[in-house]
Amino acid sequence: MSQAVNAAPKSLYDRIGGDAAVNAAVDIFYRKVLADDRINRFFEGVDMDRQAAKQKAFLTMAFGGPHNYTGADMRRGHAHLVKNGLNDSHFDAVMENLAATLTELNVPAALIAEAAKIAESTRNDVLGR
Amino acid sequence: MTIEITFNDRTYPVHEGESVLDGLERHGVAVPSSCRNGVCQSCLMRATSGEVPASAQSGLKPTQKERGYFLACQFKPTGNVTVALPDAADQRRFTARVVEKTRLNPTVSRIRLSKPQDFQFKAGQFMRVYRDGESRSYSIASMPQQDYLELHIKVFPGGHFSSWLCQTVQVGEELTIGEATGDCFYLADNLDQPLLMIATGTGLAPLWGVVRDALAQGHRGEIHIFHGSYVRDGLYYMDEFAALAAKFPNVRYYPCVSDDPTESQALRGQADVQALKHFPKLNGWRLYLCGNPDMVNTMKRKAFLAGASLKDILADPFIVTVPRQELPEAPAA
């Protein structure tokens, strides 16, 4: 029992369920994004398998998992979308879809809030501000 | 023990516990990469020999796993491996003799080639046919246990390669072909899974191989095959598929004609639209989509939104290569 008390706190990524949880979330999240008329125009004409890999990278990061993305990467990766009108309302829609995905997977509300906070921290880089 | 990675015919020693990506880069070999955490799939590679652990294949399609694809940043070899970049697999050349030519409809011909020794493929994969430095990809409609390779070739107006194959090449001539490749094949990982196969035009070729391969491997789940064309003349193998459906109670065949309102024997409408009308919920299904790239890409999206997992959508869009100067001239006014 004392061991459990002394153990280092597990990361959000581990508590959510790691790689398996991300794999389970990718299809659900991507499907919600594609079905969302507020934002699906930004995903037209893209290779779906490659896009799914990007969604997985995003979810891994939001879950506090391993990633190498910097703010500059975020700006570069979304610059063409900002030029096409990407704004706060679209970012909000993605945040909604993220929360809905985790809710659907029965992730506890406290962990969803943690993930949302990480995703939220990329807002200004994604929107190029 | 020294561990060696062979890449592009050169051998590179790597440390134990070192990833393929790190090892190759340490020797100055450029491999595309981005996240280095097994997520983004930028460093996708393929092992042509050696064991690949499941941990290096997380998130890949089952047919990619079967063919030895892996993420270079996640694969720490414990023994020697030979690896290649995903688009560089087509190295070997084979010689195959034309053994039969048959017209299947006004624009599609069937060509059967003697199967070269050592030619390995899975039903539904495609290969290149070479001629004077040019090449085109064609799907294989036959099964590996047959002694010939069957191709279905549509002659396009102004398409010199297809005209050459269908009209100039004679039975008995030898052709140069490449290795078989592609992820659109049957995997016996779930014999009860419902399968939905949709083809337009000669997209039927790979499916003629896949469906028979599935049945040969004992597939028990439902198999629904939709074949679409603008007019009835564009369909072919109607009797063959009807016979297959008569023999196997889990197989159903739906010919579809989109541009002829008088059509009475086939379903009226596009194959993908008809398929979704019959099966609007696709959770748990595996899909095979072959032919016109617009149909394939549209249906991929629709099938995903209808509940199919992206990993279960196997697509083979046929890209038509017609050199610009060979497009027919606009008729003079």
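Quick note on labels: first sequence line is chain A, next is B, and so on, each numbered from 1. Just so it is clear, the values below take in all heavy atoms, side chains as well, and ignore hydrogens, waters and symmetry mates.
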Peer 1: Can you tell me how far apart NZ (A:K32) and CG (B:L305) are? Round to the nearest 0.5 Å.
Peer 2: 11.5 Å

Peer 1: If we ignore hydrogens and angles and just use 3.5 Å, is the side chain of A:N23 paired with the main-chain N or O of B:S58 as donor and acceptor?
Peer 2: no

Peer 1: What heavy-atom pair brings A:N40 and B:R301 nearest, and what distance separates the two atoms?
Peer 2: CB-NH2, 4.0 Å

Peer 1: When rounded to the nearest 0.5 angstrom, what distance separates CG in A:D49 from NZ in B:K61?
Peer 2: 4.0 Å

Peer 1: Are B:Q41 and A:R50 packed together at the side-chain level, in the sense that at least one heavy-atom pair is separated by less than 4.5 angstrom?
Peer 2: no

Peer 1: Could you measure the distance from the CE atom of A:M48 to the CD1 atom of B:I313? Nearest 0.5 Å is fine.
Peer 2: 6.0 Å

Peer 1: Heavy atoms only: give me the nearest B:F304-A:D27 pair and the separation to one decimal.
Peer 2: CZ-O, 3.3 Å

Peer 1: Hey, what do you get for NZ (A:K54) to SG (B:C35), rounding to the nearest 0.5 Å?
Peer 2: 12.5 Å

Peer 1: Taking every non-hydrogen pair under 4.5 Å, which of A:L34, A:V26, A:V22 racks up the most with chain B?
Peer 2: A:L34

Peer 1: Tell me, yes or no, whether the heavy-atom count around A:E120 atom CD, taken from other residues, nucleotides or ligands under 6.0 Å, exceeds 12.
Peer 2: yes

Peer 1: Sort A:Q51 into side chain, backbone, both or neither according to what part of it lies under 4.5 angstrom from a heavy atom of chain B.
Peer 2: neither

Peer 1: Counting heavy atoms not belonging to B:K76, are there more than 12 under 6.0 Å from its NZ?
Peer 2: no

Peer 1: How far apart are the closest heavy atoms of A:A52 and B:L310, and which atoms are they?
Peer 2: CB-CD2, 3.4 Å

Peer 1: Measure distances from A:Y30 to the heavy atoms of chain B and classify the residue's part below 4.5 Å as side chain, backbone, both or neither.
Peer 2: both

